[in-house]
Amino acid sequence: MLIKEIGEFNLIKRLSSKLMPPARKVLAGIGDDAAALPSPKDKLQVVTTDMLVEDVHFRTSTAKPFEIGWKSLAANISDIAAMGGEPTYAFVSIGFTSHTTVEFADELYAGMKKIADMYSVDIVGGDTVSAPQIIINIALLGEVEQENLILRSGAKADDVILVTGDLGGADAGLAILEHNLALEDTKKHLMPIPRVSEGRLLAKSGYVTSMIDISDGLASEVNHICDMSGTGALIFMEKIPLSHNVFEVSQKTGKKPYDFALYGGEDYELLFTCHPDKASDLIEEMSIKLGTPLTIIGRITNAPGSLIMDKNGDIFPLQARGYDHFKQV
Ligand code: ADP
Ligand code: MG
């Protein structure tokens with residue numbers, strides 16, 4: 001059934017009925033003129049928004065609507081995690097085309113609801129319009145205690161640089177779909193798992209000096225930390241933990257394994273810095289409490305500019321070649 005057959009208001013009713021019950025306190029949610037939410041006491045409100053456009057960020061030929069819904073909220077949750085915060089309330093504004101079906105919208109919302117429940121997020125409003133392509137804009141609120149807020153700007157010379165989990169898996173997953181490779185592992189591309197518990201643990205430790213989520217490739221994120229902190233960085237290529245699907249995809253496509261991690265987007269891991277004396281405590285605590293590996297991949301330097309050392313000890317500038325919507329590098 002096409003959305004245009006039931007109309008905007010019936011669609012909103014239908015979708016919102018599936019978003020019940022709320023995980024948090026909602027004084028007014030979907031259905032009123034605006035949402036009314038409790039404001040966090042003694043905490044900061046953190047807010048992020050992300051927009052996804054059909055054929056730029058996702059293709060309906062390779063991603064199921066459930067996965068598109070999941071991922072669009074995951075990207076926002078990851079941004080809140082990178083501030084040291086916990087996500088709370090989401091607003092979902094959507095453009096559907098005249099060909100979009102009600103079943104597509106249902107599945108999209110089922111994917112969003114699934115990850116929303118996992119992270120105790122309530123979808124409390126949005127907007128629905130018709131558009132020439134499918135567009136999904138999510139605004140997500142979150143909260144963090146002032147003392148646990150982690151910015152990109154706090155890295156200091158001699159700090160070590162660490163990452164959660166492994167990298168390159170999302171880009172390798174994308175390559176599997178785009179090149180129709182006979183490989184299975186597309187999970188990290190289609191349904192990323194944002195690192196909220198990890199971000200909270202790191203923030204509460206008091207040891208982390210800067211943090212960012214890896215949405216546009218490691219090279220780009222390291223440069224963001226350096227720009228905002230007024231530092232440089234040296235990354236040791238061999239230390240970068242690669243996802244296991246990277247190697248298979250590299251063999252089939254000829255793309256170098258480390259390029260998936262350095263320049264591929266959407267891993268949604270966390271990159272952070274801390275004093276070198278504190279790294280082993282953090283690694284141990286993270287392993288015991290959450291079972292998530294942390295890896296030291298480099299260190300912050302005084303000299304501006306980020307560099308990368310390869311396995312031969314040769315050093316090159318680490319250029320941000322992550323995805324830039326307006327720039328062709
Ligand atoms: P208004 O004309 O006042 O903007 P709408 O008819 O657009 O009201 O929206 C009615 C209610 O439904 C509002 O609470 C709005 O936040 C919510 N809403 C609209 N579209 C969506 C959507 N795609 N997802 C979630 N909530 C939505
Ligand atoms: Mg409206």
Side-chain angles (χ1 to χ4, degrees), residues 1-5 8 11 15 48-79 90-115 123 126-140 168-194 213-217 220-221 245 249 252-253 255 259-260 262-268 320-329:
M1 190 181 9
L2 294 174
I3 289 176
K4 65 183 176 193
E5 293 173 58
E8 177 189 338
L11 178 71
L15 297 177
T48 180
T49 166
D50 254 302
M51 184 145 82
L52 287 91
V53 178
E54 182 179 7
D55 293 332
V56 178
H57 301 93
F58 61 88
R59 287 185 213 290
T60 51
S61 55
T62 52
K64 297 189 189 98
F66 185 94
E67 294 161 342
I68 297 167
W70 172 288
K71 187 168 167 177
S72 44
L73 191 48
N76 284 277
I77 293 174
S78 178
D79 280 322
F91 295 81
V92 181
S93 297
I94 297 210
F96 288 122
T97 76
S98 55
H99 307 292
T100 311
T101 62
V102 173
E103 292 73 24
F104 182 97
D106 279 348
E107 277 303 297
L108 186 85
Y109 268 69
M112 280 193 290
K113 171 72 173 155
K114 182 88 185 168
I115 186 167
I123 298 170
D127 203 11
T128 310
V129 299
S130 79
Q133 279 161 297
I134 299 172
I135 299 175
I136 307 167
N137 172 251
I138 299 187
L140 180 63
D171 194 37
L174 174 65
I176 292 172
L177 296 173
E178 297 274 296
H179 303 298
N180 222 340
L181 304 178
L183 294 170
E184 299 274 292
D185 198 350
T186 54
K187 200 94 189 152
K188 224 177 156 182
H189 168 68
L190 292 172
M191 292 180 60
I193 307 282
D213 72 317
I214 305 182
S215 55
D216 297 322
S220 171
E221 314 306 354
N245 62 349
V249 176
K252 296 216 181 212
T253 60
K255 181 162 155 175
D259 285 2
F260 290 88
L262 288 169
Y263 311 116
E266 304 187 318
D267 278 318
Y268 297 116
R321 281 203 269 128
Y323 191 74
D324 181 321
H325 282 269
F326 294 100
K327 210 167 137 196
Q328 227 86 73
V329 189

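Only a predicted model underlies this, so the values are computations on that prediction, with no experimental measurement involved.
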Distance col, row Thr48:OG1 vs Asp79:CG, nearest 0.5 angstrom, shows 3.5 Å
Exercise. Counting distance only, does the side-chain N/O of Gln133 pair as donor-acceptor with the main-chain N or O of Glu54 below 3.5 Å?
Worked result: yes
query: Under 3.5 Å, is there a donor-acceptor pair between the side chain of Ser78 and the main chain of Ala74?
result: no
Sub-3.5 Å donor-acceptor pair from the side chain of Asn245 to the main-chain atoms of Asp185, do we have one?
yes
Quick one, Ile3 with Thr128, criterion side chain to side chain contact (heavy atoms under 4.5 Å, CB included). Give me CA distance, side-chain angles, the key distance, then yes/no.
CA-CA 11 Å; Ile3 289 176; Thr128 310; over 6 Å; no
In short, Ala105 meets Leu15 closest at the heavy-atom pair O-CD2, 3.7 Å
So CD1 of Ile176 and CG of Asp171: to nearest 0.5 Å the spacing works out to 10.5 Å
**Asked** Within the distance-only criterion (no hydrogens, no angle test), does the side chain of Thr100 pair as donor or acceptor with the backbone N or O of Thr97 below 3.5 angstrom?
**Response** yes
Tightest non-hydrogen contact, residues Leu73 and Ile138, listed as N-CD1, 3.7 Å
Counting N and O atoms only, with roles assigned by atom type, does the side chain of Glu8 sit under 3.5 Å from a partner on the main chain of Val129, one being a donor and the other an acceptor? no
* Can you find a heavy atom in the side chain of Asp216 that is under 4.5 Å from one in the side chain of Glu221? -> yes
**Report entry** Asn137 and Thr49: side chain donor to acceptor below 3.5 Å
**Finding:** yes
key: Side-chain heavy-atom pair Lys188, Asp267 within 4.5 angstrom cut-off   = yes
Trp70 side chain near Pro192 side chain, heavy-atom distance below 4.5 Å: yes
**Asked** CD of Glu184: more than 12 outside heavy atoms within 6.0 angstrom?
**Response** no
What one should report as the nearest heavy-atom pair of Gly265 and Ala170 is O-CB, 3.5 Å
In this structure, CZ of Phe91 is separated from CG of Leu140 (nearest 0.5 Å) by 10.0 Å
Residues Ser215 and Tyr268: closest non-hydrogen pair is CB-CE2, 3.7 Å
Audit row: Ile68, Phe104, side chain to side chain contact (heavy atoms under 4.5 Å, CB included) steps and yes/no
CA-CA 10 Å; Ile68 297 167; Phe104 182 97; 4.3 Å; yes
Requested in this report: For the pair Arg59 and Glu178, evaluate side chain to side chain contact (heavy atoms under 4.5 Å, CB included) and give the outcome as yes or no after the intermediate values.
Outcome: CA-CA 10 Å; Arg59 287 185 213 290; Glu178 297 274 296; 3.1 Å; yes
key: Test item: Phe66 and Met191 side chains (from C-beta on) under 4.5 Å apart, heavy atoms   = yes
Heavy-atom nearest pair, Ala131 first then Gly95, reads CB-CA, 4.0 Å
Rounding to 0.5 Å, atoms CG (Leu181) and OG1 (Thr253) come to a distance of 7.0 Å
To the nearest 0.5 Å, atom CG of Leu2 lies from atom CD of Glu103 at 8.5 Å
Evaluate the criterion side chain to side chain contact (heavy atoms under 4.5 Å, CB included) for residue pair Lys255 and Val249; output intermediate values, then yes/no. CA-CA 8 Å; Lys255 181 162 155 175; Val249 176; over 6 Å; no
For Lys64, is the NZ atom crowded, meaning more than 12 foreign heavy atoms sit under 6.0 Å from it? no
In this structure, OG1 of Thr186 is separated from CD of Glu67 (nearest 0.5 Å) by 7.0 Å
